[in-house]
Amino acid sequence: GNAQGTTFDETISYFVLSSVCMGLIGTRVSDILGQDIRSGDIALRLARPCPYQLQLAALAHAGSVQHLLSQGLPLLTFALVFVGIAPPASAAALGASLVSMALGAALYLLIDLCISYSAFYLTDFWYLKWFSDALFQLFGGVTLPLWFYPGWLLSLSNALPFRYASYQPMAVYL
């Protein structure tokens, strides 16, 4: 059947493409920041002439490229060959989806930075990474597309910014 006008093929495409999308934008800045604080390298990084946020963004971008080459492309190739992915609605939808994905990556990075900066005040912050991941998984539609959510949870997800990181680029694509 279908759920709110989506077919089974679109749902499978959503799961595959969302997995690749979150792999691209989901590089954990908080892991890098936490490691720098624990090892004491934060002092060296802050002393560099390049702003620390830019260093973190560059490291996150490098991690995204590495993830795309090692996991994203093989998954996408496998899905294209054996499962089949629904094509984008149009060339404009593909372009808008890529722009939306770039904006979602920026949003994900900024939210992760805000949560990560609390590491300066806490002795251990692994639970903040878990909390951040849970917010993106639940309210961002990463684990389950938002069209399967009950009305109250959908309205809550629509009020929060997390859906713009993963769900929105995939919705524009489909």
Side-chain angles (χ1 to χ4, degrees), residues 14-79 97-146 148-149 152-173:
Y14 177 89
F15 282 121
V16 170
L17 294 173
S18 177
S19 210
V20 172
C21 175
M22 281 310 290
L24 285 173
I25 68 173
T27 303
R28 302 298 310 180
V29 171
S30 56
D31 291 338
I32 300 166
L33 186 98
Q35 184 180 4
D36 285 348
I37 289 174
R38 272 188 232 106
S39 68
D41 289 341
I42 188 76
L44 297 173
R45 290 194 189 248
L46 289 172
R48 292 181 181 164
C50 182
Y52 187 58
Q53 292 87 351
L54 191 58
Q55 294 175 44
L56 289 174
L59 288 170
H61 179 66
S64 296
V65 170
Q66 182 268 336
H67 182 273
L68 176 67
L69 295 176
S70 66
Q71 295 176 11
L73 288 179
L75 174 65
L76 201 54
T77 304
F78 179 81
S97 176
L98 293 174
V99 169
S100 180
M101 190 184 305
L103 292 173
L107 178 71
Y108 187 92
L109 177 69
L110 292 173
I111 290 174
D112 196 27
L113 276 173
C114 289
I115 292 173
S116 298
Y117 285 152
S118 64
F120 286 106
Y121 304 103
L122 303 171
T123 56
D124 196 11
F125 65 97
W126 64 267
Y127 50 88
L128 290 176
K129 294 187 308 186
W130 177 84
F131 183 68
S132 172
D133 285 343
L135 288 173
F136 277 100
Q137 294 284 326
L138 178 64
F139 297 117
V142 174
T143 305
L144 192 63
L146 296 183
F148 287 118
Y149 284 12
W152 64 272
L153 188 56
L154 181 63
S155 62
L156 184 60
S157 294
N158 288 336
L160 297 171
F162 304 106
R163 71 185 178 102
Y164 295 109
S166 176
Y167 175 77
Q168 205 60 43
M170 298 306 104
V172 170
Y173 177 89

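Heavy atoms only: backbone and side chains are in, while hydrogens, waters and symmetry mates are out. Note that the structure is predicted; figures quoted are calculated from it, not measured.
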Task: Close side-chain approach of Phe78 to Val16, heavy-atom, < 4.5 Å - done: no
- [ ] Could you pull out the closest heavy-atom pair between Gln55 and Arg45, with the gap in Å?
- [x] NE2-O, 3.0 Å
- [ ] Hey, could you give me the CG/CG distance between Leu113 and Leu33, rounded to the nearest 0.5 Å?
- [x] 8.0 Å
- [ ] With sequence neighbours left out, write down each residue that passes side-chain hydrogen bond (donor to acceptor under 3.5 Å, both in side chains) with Ser166, or none if nothing qualifies.
- [x] Ser18
Task: Main-chain N/O of Gly104 paired to Gln168 side chain as donor or acceptor, under 3.5 Å - done: no
Open item on the list: Measuring from atom CG of Leu103 to atom CG of Leu98, what distance do you get when rounded to the nearest 0.5 angstrom?
Closed with: 11.0 Å
Open item on the list: Do Phe162 and Tyr167 make a side-chain contact, defined as non-hydrogen atoms from C-beta onward lying under 4.5 Å apart?
Closed with: no
Open item on the list: Using side-chain heavy atoms (C-beta onward) and a distance below 4.5 Å, is Phe148 in contact with Leu153?
Closed with: no
Task: Point-to-point distance, once rounded to the nearest 0.5 Å, from CG of Asp112 to CG of Leu107 - done: 11.0 Å
Task: Closest contact, heavy atoms only, Leu154 versus Leu146 - done: CD1-O, 3.6 Å
- [ ] With sequence neighbours excluded, tell me which residues meet side-chain hydrogen bond (donor to acceptor under 3.5 Å, both in side chains) with Ser155.
- [x] none
- [ ] Dump the intermediate steps for side chain to side chain contact (heavy atoms under 4.5 Å, CB included) on Leu76 and Leu17, then the final yes or no.
- [x] CA-CA 8 Å; Leu76 201 54; Leu17 294 173; 3.7 Å; yes
- [ ] Measure the shortest side-chain to side-chain distance between Tyr52 and Ile42 over non-hydrogen atoms and say whether it is less than 4.5 angstrom.
- [x] yes
Open item on the list: How about OH on Tyr117, more than 12 heavy atoms from neighbouring residues, nucleotides or ligands closer than 6.0 Å, or not?
Closed with: yes
Open item on the list: Quick check: closest heavy atoms across Val172 and Ser97, and the distance to 0.1 Å?
Closed with: CG1-N, 3.6 Å
Task: side-chain hydrogen bond (donor to acceptor under 3.5 Å, both in side chains) pairs, two or more places apart, involving residues 131-140 - done: Arg28-Asp133, Gln137-Thr143
Task: Heavy atoms from other residues, nucleotides or ligands near CD of Gln53 exceed 12 (cutoff 6.0 Å) - done: yes
- [ ] Measure the CD1-CG distance between Ile111 and Leu160 for me, rounded to the nearest 0.5 Å.
- [x] 9.0 Å
TODO: Using a 4.5 Å cut-off on heavy atoms from C-beta on, say whether the side chain of Tyr108 contacts that of Met22.
DONE: yes
Task: Side-chain (Tyr149) to main-chain (Leu138) donor-acceptor, under 3.5 angstrom - done: yes
TODO: Determine the minimum heavy-atom distance between Val20 and Gly72, stating which atoms define it.
DONE: CG2-O, 3.9 Å
Task: Inter-residue atom distance Gln35.CD - Ile32.CD1, 0.5 Å rounding - done: 8.0 Å
Task: Shortest non-hydrogen contact from Val142 toward Phe136 - done: CG2-O, 3.4 Å
Open item on the list: To check you understand the geometry: which heavy-atom pair defines the closest contact between Met170 and Cys21, and what is its length?
Closed with: CE-CB, 3.8 Å
Open item on the list: With rounding to the nearest 0.5 angstrom, report the NE2 to CD distance, His61 to Gln66.
Closed with: 12.5 Å
